[in-house]
Amino acid sequence: MARKVRLYFYTSQMWQRRLRLFFLAVLGLIFTLSFYILPAESKLTRFSEQSIIEKAPVPTNLELIQQGRTFYQTEKFTQAAESLQQAAQIYESQGDKLNQALALSYLSLTQQKLGLWNQAKATISSSLKLLTQAKPSTEQAKRILALALNTQGSLQLALGQAELALESWQQAAKTYTQIGDTAGHIGSLINQATALESLGFSTRMMKIWEQVEQNLQAQPNSILKVLGLRSLGNTLRVRGELEKSQQLLEQSLAMAQNLRSPQEESATLLSLGNTLYSLGNKNLQRDTNSEENPLLIHCNHGVISENAKTYYQNAADLYYKSGSKSTSAIAKIQAQLNRLTVLLSLGQNLSNEELELLQSNLTTLTPSRAVVYAQVNFARSLVCLNQASQKTKTQEKSLFNQDKISQILTTAVQQAQDLQDQRSESYALGNLGQLYEQTKQISLARQYTEQALNLAQVIDASDIAFQWQWQLGRLLLAQGNSQAAVAAYTEAVTTLKSLRTDLVSLNPDIQFDLRDRVEPVYRQLVALLLQPEKPSLKNLKQARDVVEALQLAELDDFFRDACSIVQPTPIDEVVDNANPATAVIYPIILADRVEVIVKLPHIEQLHHYRTYKPRSEVETVLEQLQKKLKQRYTFSDRQALSQQVYNWLIKPLEADLVQSQIKTLVFVLDGFLRNIPMAALYDGKQYLIENYSVALSPGLQLLQPKLKPKRFEALIGGLTQSRFGFSSLPNVADEFKEIQAVIPSKEFINQAFTNTTIEKEVSSLSYPVVHLATHGKFSSEQEDTFILTWNGKINVKQLREVLETREPVVGRGSQVPSPIELLVLSACETATGDKRAALGLAGVAVRSGARATLASLWKVDDKSTAILMSEFYRQLKNNPALSKSEALRRAQESIFRNYQEHPFYWAPYVLVGNWL
């Protein structure tokens, strides 16, 4: 009690100084992370940390900055910019460079939210120039410098300059350390981790996360610690580390409850609800035909598993608690909207009375970006509610018809215009256009869509512009203008490509929406390009490029960053120069058909053919075939299924393959086809492997081909003993003996097989082959794609850094060993029940930096593995001119002829990457 009383005896000047330092410290954490706040199109609305505070009547300079901060946090960005601009001008007239720099730093951050990138860049440059002139030496001056550096870093990352952003945030962290500002230091570290992830440095990033968590856990319980744990939990949700996010948010929640802070408790409940909702989506069995009804993708939740249902229900409970405890009107409504979204996912709903009360409360809020988004998201949920009520008579009929929903969106548009907030105006207009699209009022829908697109392009808001480009394409198609529709779709895909490097800096909810929304854009464009009976060469090439872009988009989503291939070479160039003759086959699964494009050597014209078959039927056949291939005793039913797929992909090409004397088939596979080993396709008499060597490519770019290495040696490592709940692999020792009998090899096994050992051995000697025989899994989730070592798992994002010393890296000089020629992953398998699991295999192939990767789609008999591997290496050693794909074919055929005919034993081995 005495401590509380003593606070009242501070002088006004001392108290203002303490308030100012606390204000700066909190902003050091909140403002540095501000580019994670509130996406326009998020399914679960984010929230501001503070309650809405009305404008002070006659603000002083400090009050102007605080007012700007309040406007910023309540998402009144135009008003925030005005206040901060006014403060900067006043400080300039007074010759107060430090506070002018502070106001300009906040102004730059606000301009970033408004999409005024050039202005934001000029503003932060002015701020840092003033600070350089002032030569900051005091604690307050250094704090302002650190904050400006953080603002500069956020701008640089948004502009795709991750390396510069990292440098800015490193300088900010160093400055915060000098003045002992833990909160600011932690915020800068979190930002550094984001930049490192964007640059692909997973190991360094993980060390930063460990440091952040250690720093937070070492702090005494406080509101700042609650905020820090919540920020870290939210950031981990961005990265897809949902279980860890849940753990930290639960800790933040418990601390907020102990500190009796309803506001922080409510905020953390919302964040925890978002993480549980994401966990529910992760466990959701999505409808693979969602692109057939693009208007209602946001209503399409797929088949809800029991795990997903549990997470959704828990999230709904958390949102209910959050709304009950919140002292902020907007936060209460956002919690209710989140709960409504989850209930709709569960096939439930709020009553009409609750919905009317929610709308009534929305109309009483002071307009802000958050309020505009809330109204739009409410309208979207009402659309889904009406859609659900039309499907079943058990639901209470909604009182919100199309006219009422239109009025809600029109109000949102007007509020955005009053706020001069072009981003939220674009969002509201685009959704209004989508509503009219649904009701077949095409001309009106196009009018609003074009307005929304123009606004999004003015502020360079690519993350929403692609939606309106796609929407415009659909509307143009509905009006019968196919050529203009193709142009609009093409712009949407081009915009999505520009977003590749921005995915890390986007809000997690934006990323989630991209994952749901992006695939139909590509597939619908391909369907349009290939719609004619005989598509032009231009259309065929563009369709193939779109498929390539989709492949990259899927890998980007898998890794949560932009993938790249070192020294890429176009696959067409490789094919035209390949010996033996090679064909590349691109199957594309669309809603109503399977399209196939084929590249033959030295022929400019691409071949094309199609099979009309609903996607659901295609995937049923593929799923059944996969199950039959993994069962050891199937026969006629398996061959019948395999022949169906052969007829779709190969049969129309048979004569051309013979005429061109093709010996190797390279597949760029799409969707569920990735889970099927092409070698096991059956023509009614023979398997594909009996006539062709087979390889896979993750796209149209390959690591540059290279002549066979003079030294053919292998670094082999693995486990025979059980570790971390995984069974023993006793035959790995026999596998290694077989390999060592064929080629010189250095072995490290069991206790010697660690992350550190792999990295050390790979970097110290340039072995052309790295062979790892251990448990591993390929999954559609990067955190579940890994190989097992003695001391733990190496996930797919870490694998690149373990092996990266084999490829040129900037700053490491010119004497760097070349990439691994061949990475072999023995005893790995795709995750059972995961339709997109083979995406993890493609991810490993891309991330490893190896020219080619050999792995298995399912766990195979140890004895046949040892035989196949030794034969594979024997073929490579004894036939220097032999391609890797042909060596694999001969090894597989050896198993087929001499050991086991069933594809279970020889088919799962797939070669990904450069097959030569």
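Hydrogens, waters and symmetry mates play no part in the numbers below; they use all other heavy atoms, side chains included. Only a predicted model underlies this, so the values are computations on that prediction, with no experimental measurement involved.
Atom CD of Q631 and atom CD of Q626 lie 10.5 Å apart (nearest 0.5 Å). Separation of atoms CG (L715) and CD1 (I820) is listed at 8.5 Å; rounding is to 0.5 Å. Between atom CG of residue L857 and atom OG1 of residue T830 there is a gap of 5.5 Å, rounded to the nearest 0.5 Å. Taken to the nearest 0.5 Å, the CZ atom of F672 stands 7.5 Å off from the CD atom of E619. With rounding to the nearest 0.5 Å, the separation of OG in S894 from CD in E871 is 4.5 Å. The CD atom of Q721 lies 4.0 Å from the CG atom of N750; values are rounded to the nearest 0.5 Å.
For the pair T582 and I662, the minimum side-chain heavy-atom distance is 4.5 Å or more. Between I794 and I758 there is a side-chain heavy-atom pair separated by less than 4.5 Å.
At a cut-off of 3.5 Å, with distance as the only test, no side-chain donor of S779 or T785 sits close to an acceptor on the other residue. Side-chain atoms of N755 and T789 include a donor-acceptor pair closer than 3.5 Å. In summary, the side chains of Y909 and T865 do present a donor paired with an acceptor at a separation below 3.5 Å, with no hydrogens or angles considered. Judged by distance alone, the side chains of S883 and S885 do bring a donor and an acceptor atom under 3.5 Å apart. Side chains of D683 and Q643: a donor-acceptor N/O pair is absent below 3.5 angstrom, by distance only. Between T275 and S278, the side chains place no donor N or O within less than 3.5 Å of an acceptor N or O (distance only, hydrogens not considered). Residues T664 and E886 bring no donor and acceptor atom of their side chains to less than 3.5 Å of each other.
Of the charged side-chain nitrogens involved, none lies within less than 4.0 Å of a carboxylate oxygen, so that E893 and R890 do not count as a salt-bridged pair. Salt bridge annotation for D637-K628: present, with a cationic side-chain nitrogen under 4.0 angstrom from a carboxylate oxygen. Between E761 and K746 there is a salt bridge, since a side-chain N of the basic residue sits under 4.0 Å from a carboxylate O of the acidic one. The pair E213-K244 meets the salt-bridge criterion, with a side-chain N (NZ, NE, NH1 or NH2) lying under 4.0 Å from an Asp/Glu carboxylate O. Of the charged side-chain nitrogens involved, none lies within less than 4.0 Å of a carboxylate oxygen, so that E210 and K207 do not count as a salt-bridged pair.
Atom NZ of K599 has more than 12 heavy atoms from other residues, nucleotides or ligands within 6.0 Å. Counted within 6.0 Å of NZ on K630, heavy atoms from surrounding residues, nucleotides or ligands total more than 12; the atom is thus considered enclosed.
Under the 3.5 Å distance criterion, the side-chain polar atoms of T774 are matched with a main-chain donor or acceptor of L788. Counting only distance, with no hydrogens or angles, the side chain of T757 and the backbone of A752 share a donor-acceptor pair below 3.5 Å. Looking only at distances, no side-chain donor or acceptor of S642 sits under 3.5 Å from a matching main-chain atom of R638. The main-chain N or O of W906 is found under 3.5 Å from a side-chain atom of Q892 such that the two form a donor-acceptor pair. For D670 (side chain) and I589 (main-chain N/O), a donor-acceptor pair under 3.5 Å exists by modelled atom type. A donor-acceptor pair under 3.5 Å is formed between the side chain of S856 and the backbone N or O of C828.
Taking the six-membered ring where the residue is Trp, Y873 and H771 present tilted rings, their angle falling between 30° and 60°. In this structure, F726 and H775 have tilted ring planes: the angle between them lies in the 30° to 60° band.
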*List the steps and the verdict of side chain to side chain contact (heavy atoms under 4.5 Å, CB included) for K877 and F712.*
CA-CA 7 Å; K877 180 183 178 182; F712 191 67; 4.2 Å; yes

request  = Could you please spell out the steps behind the side chain to side chain contact (heavy atoms under 4.5 Å, CB included) verdict for L854 and L822?
outcome  = CA-CA 7 Å; L854 176 61; L822 177 64; 4.3 Å; yes

task = Take N795 and D784 through the test side chain to side chain contact (heavy atoms under 4.5 Å, CB included) and record every step on the way to the result.
result = CA-CA 7 Å; N795 69 38; D784 294 329; over 6 Å; no

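Judged as a ring-ring contact (aromatic ring centres under 6.0 Å, His included), the pairs with a partner in residues 738-761 (not counting sequence neighbours) are, in order, F748-F753. Residue pairs meeting the salt bridge (charged side-chain N to carboxylate O under 4.0 Å, His left out) criterion with at least one member in residues 684-693, sequence neighbours excluded: E690-R897.
Taking the six-membered ring for Trp and the full ring otherwise, F896 and H902 have centroids separated by 6.0 Å or more. Residues Y682 and Y687 bring their aromatic ring centres within 6.0 Å.
Residue T754 comes nearest to Q751 through the heavy atom pair CG2-O, 3.4 Å, listed as atom of the first residue, atom of the second, then distance.
In terms of the salt bridge (Lys or Arg N to Asp or Glu O under 4.0 Å) criterion, E573 has no residue partners (sequence neighbours excluded).
K793 forms a cation-pi arrangement with F786, by the criterion of a distance under 6.0 Å to the ring centre and an angle within 45° of the ring axis.
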